[in-house]
Amino acid sequence: MAGKRLRPRAERRQAARSEDRIARGRERLARLDPGGVPERPIDVESASQIEPHAAATACLRCEGANRLKEHAAEIVGGDRLRIVRMECARCGTKRDLWFRIMTPLLS
């Protein structure tokens, strides 16, 4: 016996809830990646690398392009970090990426 058939609107709501659960899972995983939290910043050699790296990052929910909203320097736990605040141009999801500028060691 086949499962109960849902009406079209109920099917859309069910699909939207499922997509939302998947997107929340992606966001939780992204916090574990480098740059997701201040404790795990992305290491770059200069400030000029930060914005192109952030712009190349796709939205976690819809895989659309992110717009740069703010690029600021903050001190977190004694480390001077850069934070890039972005917003998806398509769905409006906000995301922060953390960076640390590593000065090259002179030999």
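Both backbone and side-chain heavy atoms feed into the values below; hydrogens, waters and symmetry mates do not.
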Please find the pair of heavy atoms, one from [X] and one from [Y], that lie closest to each other, and give the distance.
X: Ala47; Y: His71; answer: O-CE1, 4.3 Å
X: Val76; Y: Trp98; answer: CG2-CZ3, 4.0 Å
X: Arg80; Y: Ala73; answer: NH2-CB, 3.5 Å
X: Ala54; Y: Leu97; answer: CA-CD1, 4.1 Å
X: Arg40; Y: Leu32; answer: NE-O, 3.1 Å

Any non-hydrogen side-chain atom of [X] less than 4.5 Å from a side-chain atom of [Y]?
X: Met86; Y: Asp96; result: no
X: Asp79; Y: Arg100; result: yes
X: Phe99; Y: Leu81; result: no
X: Glu87; Y: Thr93; result: no
X: Arg82; Y: Ile101; result: yes

Please check: side-chain N/O of [X] versus main-chain N/O of [Y], any donor-acceptor pairing under 3.5 Å?
X: Asn66; Y: Ala55; answer: no
X: Arg26; Y: Leu60; answer: yes
X: Arg90; Y: Cys62; answer: yes

Problem - Single-linkage hydrophobic cluster, 4.5 Å side-chain cutoff, Val37 and Ile83 together - result: no
Exercise for the section: Mark yes when over 12 heavy atoms from residues, nucleotides or ligands other than Gln49 sit less than 6.0 Å from its CD; otherwise mark no. Expected result: yes
Problem - Leu68/Arg85 under side chain to side chain contact (heavy atoms under 4.5 Å, CB included): CA gap, chis, key distance, verdict - result: CA-CA 6 Å; Leu68 180 73; Arg85 288 181 166 69; over 6 Å; no
Handout entry: Straight-line distance of Cys88 SG to Arg67 CZ, nearest 0.5 Å
Key = 8.0 Å
Problem - Salt bridge present between Arg95 and Glu27 (N-O < 4.0 angstrom) - result: no
Practice task
Start with the C-alpha gap between Glu11 and Arg5, add the side-chain angles, then the distance that decides, and say whether salt bridge (Lys or Arg N to Asp or Glu O under 4.0 Å) holds.
Solution key: CA-CA 9 Å; Glu11 285 179 6; Arg5 175 138 169 90; 3.2 Å; yes
